[in-house]
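The analysis underlying the following values was restricted to heavy atoms, covering all of them including side chains, and did not include hydrogens, waters or symmetry mates. Both ligands and their constituent atoms are indexed starting at 1 by order of listing.
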Amino acid sequence: MKTIVITGGTDGIGAALARHRLALGDRVVVIGRDAAKGEALGAEIIAADLSLVAEQRRVVDLLASQYEAIDALVLCARYFRSHRHLTPDGFEACFALEYLSRFQLSHGLLDRLEAAAAPVVLNVSGPGAAKPEIRWGDLGFRRGYSGMEAQFHAGRANDLLGLGFAAEHPKARTRYVMVNPGGVASSFAGEYDPQTAAMVEQMKRTARPVDAAAPPLSAFIDKPPAKPLSAFVIDRPVSPRTTPDDDAAAERLQRLTLEALGR
Ligand SMILES: NC(=O)c1ccc[n+]([C@@H]2O[C@H](COP(=O)([O-])OP(=O)(O)OC[C@H]3O[C@@H](n4cnc5c(N)ncnc54)[C@H](OP(=O)(O)O)[C@@H]3O)[C@@H](O)[C@H]2O)c1
């Protein structure tokens, strides 16, 4: 029996993976804001708003105190906003939830991952897609916010998180896997303007059903890739780097992130 932790495991792709692994007999811990959705799955639940730095730290501490070993950490939490929103910590909300929480959990749970037999982090995001550059002078989108831009920007930050993680922990046995699940008709949690809502509904009509997204993700848990860092679109390998400057950019983003977190 493996122990699988899934952020955003209360809905969408994360919940589909939770159902899949529960059916295989694993212990599954889901993290989301809505405990009732997690209870309906029959998983263990941690209710938390992962866009808040204090909550990210609380969740890391709770998981570390409750589970000796974590076989898989699956990072799925996301929330779309057509209009820019700041968290009480002063971070742009998409950046805080979709990047900062993944940074904190990935690095913060490494000890528990290393205690497992074949540990893996699955960062479910968007490798393999063209991305904007990191907004070095404006991580919080003070200028030119759009919901889509913020999502792609967080995706780019997550690509660099993978590179930074592998560079920071060269001796780790934990495999870091960045996965683009392809178009999936998930819950698309968020607050959408009418135009974006219509686009999402249109996209859902041709996207794969959510349960179809679980088996390829599950396969990475059963058989983590040999390389410390890898990236896939569904199950097709792609390069974890999109430009020759990515390693330097990853180091720079890691430095800025630690500063922003006051560490
Ligand atoms: N669906 C696609 O077509 C697609 C394509 C490419 C990449 N992806 C990536 O796949 C991952 C999963 O996406 P999805 O489409 O399955 O997402 P989704 O259906 O929108 O589900 C989002 C999950 O995040 C949780 N969540 C939202 N705000 C939260 C917060 N503040 N704190 C904690 N949890 C929060 C939600 O649960 P609560 O309501 O309980 O908080 C829900 O479980 C994402 O990283 C996404 O970028 C998806």
Side-chain angles (χ1 to χ4, degrees), residues 5-20 28-41 43 45-56 58-59 73-81 85-89 91-102 104-106 121-131 147-148 150-159 161-162 177-192 196-197 199-214 216-217 231-234 238:
V5 172
I6 309 178
T7 74
T10 51
D11 218 325
I13 295 169
L17 182 63
R19 286 191 292 274
H20 186 87
V28 178
V29 185
V30 299
I31 306 161
R33 291 160 310 167
D34 188 342
K37 287 196 277 186
E39 273 156 26
L41 290 169
I45 305 136
I46 299 177
D49 179 347
L50 286 174
S51 68
L52 305 175
V53 171
E55 285 288 86
Q56 296 162 5
R58 180 180 70 85
V59 167
L73 169 65
V74 186
L75 302 166
C76 282
R78 71 110 165 249
Y79 192 83
F80 185 94
R81 286 177 196 269
H85 177 79
L86 289 185
T87 66
D89 302 314
F91 291 112
E92 187 279 311
C94 176
F95 187 77
L97 175 63
E98 295 178 30
Y99 168 67
L100 282 183
S101 80
R102 295 177 187 213
Q104 299 256 58
L105 269 77
S106 297
V121 178
L122 292 186
N123 189 336
V124 184
S125 186
K131 299 272 173 54
M148 287 294 181
Q151 293 283 325
F152 285 124
H153 186 258
R156 172 73 177 144
N158 275 301
D159 292 353
L161 164 57
V177 185
M178 305 189 285
V179 193
N180 179 340
V184 178
S186 62
S187 77
F188 281 89
E191 292 161 36
Y192 296 87
T196 313
M199 207 179 81
V200 168
E201 282 315 308
Q202 175 70 28
M203 197 282 266
K204 276 186 176 181
R205 280 198 273 277
T206 53
R208 290 183 303 142
V210 78
D211 284 329
L217 292 175
F232 296 84
V233 175
I234 307 180
V238 294

Rounded to the nearest 0.5 Å, how far apart are [atom1] of [X] and [atom2] of [Y]?
X	Y	atom1	atom2	answer
Ile31	Glu55	CD1	CD	10.5 Å
Arg102	Leu50	CZ	CG	10.0 Å
Leu122	Leu17	CG	CG	7.5 Å
Ser125	Met178	OG	CE	9.0 Å
Lys37	Asp11	NZ	CG	4.0 Å
Leu161	Glu98	CG	CD	13.0 Å

Any nitrogen or oxygen of [X], main chain or side chain, under 3.5 Å from a nitrogen or oxygen of ligand 1?
X	answer
Asn180	no
Ala189	yes
Val124	yes
Val184	yes
Gly8	yes
Ala77	no

What atoms of ligand 1 come closer than 4.0 angstrom to any heavy atom of [X]?
X	value
Asp11	42 (C), 43 (O)
Asp49	30 (C), 31 (N), 32 (N)
Phe188	1 (N), 2 (C), 3 (O), 18 (P), 19 (O), 20 (O)
Met203	3 (O)
Gly12	16 (O), 19 (O)
Cys76	11 (C), 12 (C), 44 (C), 45 (O)

Using a 4.0 Å heavy-atom threshold (strictly under), name the region of [X] that reaches ligand 1: side chain, backbone, both or neither.
X	value
Glu98	neither
Pro181	side chain
Ala48	backbone
Leu97	side chain
Tyr79	side chain
Arg208	neither

Please identify each residue that fulfils ring-ring contact (aromatic ring centres under 6.0 Å, His included) with Phe95, with sequence neighbours left out. Tyr99
I need the nearest protein heavy-atom contact for [atom]: residue, atom name and distance, please.
atom	value
atom 18 (P) of ligand 1	Ser187 OG, 3.3 Å
atom 34 (N) of ligand 1	Gly32 CA, 3.7 Å
atom 39 (O) of ligand 1	Lys37 NZ, 2.9 Å
atom 43 (O) of ligand 1	Thr10 OG1, 2.8 Å
atom 16 (O) of ligand 1	Ile13 N, 2.7 Å

Taking Gly190's backbone N and O only, do any of them form a donor-acceptor pair with Arg78's side chain (distance below 3.5 Å, no angle check)? no
Donor-acceptor contact below 3.5 Å, side chain Gln56 vs main chain Leu105: no
Decide whether the shortest distance between a heavy atom of Arg102 and an atom of ligand 1 is less than 4.0 Å. yes
From [atom], work out which of [options] has a heavy atom at the shortest distance.
atom	options	value
atom 7 (C) of ligand 1	Ser125, Gly126, Ala185	Ser125
atom 17 (O) of ligand 1	Arg78, Glu55, Arg33	Arg78
atom 4 (C) of ligand 1	Gly182, Ser101, Ser186, Gly183	Gly182
atom 32 (N) of ligand 1	Leu52, Leu50, Ile46, Leu75	Leu50

Proximity of Tyr192 and Phe80 rings by center, below 6.0 Å: yes
Where do Ala43 and Val28 come nearest, in terms of heavy atoms and distance? CB-O, 3.4 Å
Less than 4.5 Å apart, any side-chain heavy atom of Leu217 and any of His20? no
Among Val177, Thr7, Val74, whose side chain to side chain contact (heavy atoms under 4.5 Å, CB included) with Val124 holds? Val74
Under the side chain to side chain donor-acceptor pair (under 3.5 Å) test, residues paired with Glu92 that sit two or more places apart: none
Begin with the C-alpha distance, continue with both residues' side-chain angles, and end with the deciding distance and a verdict on side chain to side chain donor-acceptor pair (under 3.5 Å) for Glu191 and Tyr79. CA-CA 8 Å; Glu191 292 161 36; Tyr79 192 83; 2.7 Å; yes
Check this for me: Phe152, atom CZ, are more than 12 non-hydrogen atoms of other residues, nucleotides or ligands nearer than 6.0 Å? no
